[in-house]
Amino acid sequence: MEKKKILIVEDEQLIAHPASVFIEDFGYEVAGVIESGEEAINFVKNHKVDLILMDIYLKGKMNGVEVMNIIRSFINLPVIYVSGAIDENLLEKAKLTHPYNFVLKPYGSKELEIAIDFAFYNFEVQKKKKETEEALKISKEKYKALFETNSDGILLLDLKTGEITNSNNSLKKIFDLCQNGIKNTIQDILLFPNVKNYIEKFCHNCSQNMSPCSVRYELTKQNDKKMQIEVILQIIQLSKKRLLQLTFRDISSKEEIKKINKSRIKYEKALANYSEILLENPDPKIAYPKAISLLLDAVVADRVYIYENIIHPDFGLSMELIAEECSDNCFSRGSNIFFKLTPYERRFSRWQEILSKGKIISGKINKFPHNERDVLAAIEVQSLIIAPIIVSNLWYGFIGFETIDKEREWTISEGILIRTAAKISAAYIMRERYERKISEKYETTDEYLEITNNIKFQCKKNLVEPLEKITQFLEIIKQENNISGYSQSSVKGIEKQLIDIYGLLKIHLSDTIK
């Protein structure tokens with residue numbers, strides 16, 4: 001451990017020398033022996049010093065008190081003044097430099113040791129006290145800053161008197177107007193039944209339980225807007241006082257998020273069922289009506305539909321209705337020839353441009369261009385959202401929702417829902433194309449079905465034939481991936497799964513033979 005260093009500022013060698021010996025005997029290190037105040041100042045600036053033994057009367061222009069005033073301007077060090085005579089006037093000035101001890105010449109070893117020990121002790125005590133005060137000051141400033149800038153309303157009550165000690169601006173904003181449009185005072189806030197009851201209960205139990213608790217209630221503003229409020233009650237210690245802090249938090253947005261999350265869960269379930277129905281039904285005529293009806297139930301809409309792009313000999317690129325589900329209050333588009341097959345040219349050329357780039361179209365119809373608005377208004381469409389179906393990087397068609405009774409904005413979650421439904425539909429179309437291409441390799445549908453059934457483990461006792469069929473299927477996948485519509489990585493994934501099945505069947509066959 002490094003020894004503490006003591007600087008001796010003394011112009012009498014008969015005093016300085018024995019002082020040096022004493023200090024070393026005490027276990028300290030003599031940093032230096034200086035005769036003048038000017039030298040002492042320069043020494044402290046350039047060397048480490050832990051304590052100064054300062055003679056009040058020094059050679060030169062400055063006395064010890066003046067020297068310490070300068071030193072204290074750039075560093076805080078403990079000082080012990082030494083003097084052979086007492087000048088009351090100078091002594092008063094010395095006190096202003098906050099000395100940690102004072103000894104009279106001549107002094108003995110024990111006297112000096114006690115003075116040094118007390119000086120170091122007092123210095124540490126004062127240092128810790130100052131640090132604590134500084135930390136407390138910073139803490140108060142931080143609390144004050146948080147108190148004033150906090151978006152939550154905060155109210156402080158004195159636990160002993162029950163008086164309100166402070167409140168912030170956010171509290172006044174939250175409770176600006178109440179049910180009858182009358183301005184609230186701070187005291188009025190405490191009259192809300194739930195708040196008042198919880199305060200009484202909390203204060204009654206606070207001696208046993210210091211944990212925060214909370215209560216929620218609904219506040220009605222002047223414009224009849226409902227605000228969900230959460231009140232958090234907790235005990236805090238501030239300026240030696242125990243206070244009850246009530247934090248009033250507007251959780252309306254939090255409740256709104258809960259509603260959104262609930263909707264998302266509903267959407268995810270609808271999409272899972274949508275995907276399952278498409279996978280179980282290879283015939284689009286059967287699959288699509290069942291599948292899109294699930295989406296209609298999940299979304300607040302009146303109509304859901306799927307259109308496929310076709311090239312009409314007379315009209316060119318057109319949209320053809322292939323599936324539709326409607327709520328009870330709207331009619332089917334399929335009954336109208338114009339909406340069952342509609343050219344993009346002229347009326348819906350904007351749709352062609354946007355959807356072909358993979359982008360969504362959504363909004364209220366009254367904000368759509370005139371040529372689109374006139375057509376859609378004729379069938380009472382108020383708002384819609386449509387997403388393109390992209391198959392093998394080509395625009396296949398689109399899926400859409402519409403409202404009839406009222407206008408509405410479509411949420412981000414609904415945008416994600418329709419995009420995902422479009423992607424699932426694209427995967428279904430790719431699979432249907434792929435299976436159709438593969439089936440064309442066989443003379444009869446029965447032969448193709450026999451292969452697929454065997455791959456699904458619908459195996460008879462004789463497993464040799466299914467193994468041969470899987471081998472054939474693997475070869476077809478490798479040869480026909482260029483027409484299947486699947487990416488190379490997808491084909492490899494299918495191949496891996498079939499190889500795994502192949503291995504399992506081999507093991508099963510081996511066990512059967514045994």
Side-chain angles (χ1 to χ4, degrees), residues 1-139 240:
M1 184 177 176
E2 188 180 357
K3 293 180 179 180
K4 289 185 177 179
K5 297 179 179 181
I6 299 175
L7 175 65
I8 301 171
V9 185
E10 176 62 64
D11 58 4
E12 294 183 40
Q13 286 299 316
L14 290 175
I15 300 295
H17 178 69
S20 298
V21 175
F22 292 154
I23 286 169
E24 290 178 351
D25 289 343
F26 302 154
Y28 302 114
E29 181 181 332
V30 177
V33 179
I34 307 295
E35 294 186 358
S36 71
E38 291 82 1
E39 289 178 282
I41 293 167
N42 290 328
F43 187 92
V44 172
K45 284 182 177 179
N46 297 298
H47 299 84
K48 185 179 183 303
V49 175
D50 296 303
L51 183 143
I52 301 174
L53 191 63
M54 175 70 72
D55 189 4
I56 288 183
Y57 299 101
L58 294 170
K59 290 180 180 178
K61 297 179 180 179
M62 292 186 290
N63 59 42
V65 175
E66 292 171 332
V67 172
M68 280 312 300
N69 276 326
I70 294 172
I71 290 174
R72 283 280 175 76
S73 68
F74 61 85
I75 189 170
N76 184 28
L77 289 174
V79 60
I80 299 173
Y81 283 123
V82 180
S83 179
I86 297 177
D87 182 332
E88 293 294 338
N89 185 38
L90 189 57
L91 190 61
E92 287 300 319
K93 290 180 180 179
K95 287 179 182 178
L96 298 175
T97 63
H98 306 291
Y100 285 81
N101 225 315
F102 189 93
V103 292
L104 288 171
K105 299 178 187 179
Y107 50 79
S109 169
K110 198 65 180 176
E111 189 181 356
L112 182 60
E113 184 179 14
I114 292 171
I116 291 172
D117 283 347
F118 268 89
F120 275 128
Y121 174 77
N122 289 332
F123 180 73
E124 287 301 319
V125 169
Q126 290 298 321
K127 185 179 177 183
K128 287 180 181 178
K129 183 181 177 183
K130 188 175 180 181
E131 288 173 353
T132 302
E133 289 174 350
E134 190 65 29
L136 185 60
K137 182 182 176 183
I138 292 170
S139 178
K240 298 181 180 180

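Counting from 1, the numbers follow the sequence of the chain as shown.
The structure places NZ of Lys129 at 14.0 Å from CD of Glu134, a figure rounded to the nearest 0.5 Å. Rounding to the nearest 0.5 angstrom, the gap separating the CG atom in Asp11 from the OG atom in Ser36 is 9.5 Å. Here CD1 of Ile15 is found 10.0 Å from CG of Leu53. Values are rounded to the nearest 0.5 Å. Rounding to the nearest 0.5 angstrom, the gap separating the CZ atom in Phe43 from the CD1 atom in Ile41 is 13.5 Å. Within the model, atoms CD1 of Ile80 and CD1 of Ile6 stand 7.0 Å from one another, a figure rounded to the nearest 0.5 Å. Separating the CD atom in Gln13 from the CD atom in Glu35 is a distance of 5.5 Å, to the nearest 0.5 Å.
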Show your working on side chain to side chain contact (heavy atoms under 4.5 Å, CB included) between Ile23 and Ile116 and close with a plain yes or no. CA-CA 9 Å; Ile23 286 169; Ile116 291 172; 4.1 Å; yes
For Met62 and Glu38, run side chain to side chain contact (heavy atoms under 4.5 Å, CB included): C-alpha distance rounded to whole Å, both residues' side-chain angles, the deciding distance at 0.1 Å, then the answer. CA-CA 8 Å; Met62 292 186 290; Glu38 291 82 1; 3.9 Å; yes
Run the side chain to side chain contact (heavy atoms under 4.5 Å, CB included) test on Ile52 and Met68 for me, step by step, so that the C-alpha distance in whole Å, both residues' side-chain angles and the decisive distance to 0.1 Å come before the verdict. CA-CA 9 Å; Ile52 301 174; Met68 280 312 300; 3.9 Å; yes
With side chain to side chain contact (heavy atoms under 4.5 Å, CB included) as the test, would you mind laying out the steps for Val79 and Arg72 before giving the verdict? CA-CA 10 Å; Val79 60; Arg72 283 280 175 76; 3.7 Å; yes
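Every residue two or more places apart in sequence or in another chain that forms a side chain to side chain contact (heavy atoms under 4.5 Å, CB included) with Ile75 is listed here: Val44, Ile71, Leu77. Every residue two or more places apart in sequence or in another chain that forms a salt bridge (charged side-chain N to carboxylate O under 4.0 Å, His left out) with Lys110 is listed here: Glu113.
In this structure, the side chains of His17 and Val33 stay at 4.5 Å or more apart for every pair of heavy atoms. You'll find the side chain of Val82 stays beyond 4.5 Å of the side chain of Phe102, heavy atoms only.
Under 4.0 Å is where a charged nitrogen must lie from a carboxylate oxygen, and between Glu10 and Lys105 at least one such pair does.
Closest approach of Ala16 to Ile8, counting heavy atoms only: O-CD1, 4.1 Å.
Glu66 places a side-chain N or O within donor-acceptor distance of the main-chain N or O of Asn63, the cut-off being under 3.5 Å.
Sorted by first and then second residue, the pairs that involve residues 39-54 and meet salt bridge (Lys or Arg N to Asp or Glu O under 4.0 Å), not counting sequence neighbours, are Lys48-Asp50.
If you look at Tyr28 and Phe22, their ring centroids are not closer than 6.0 Å.
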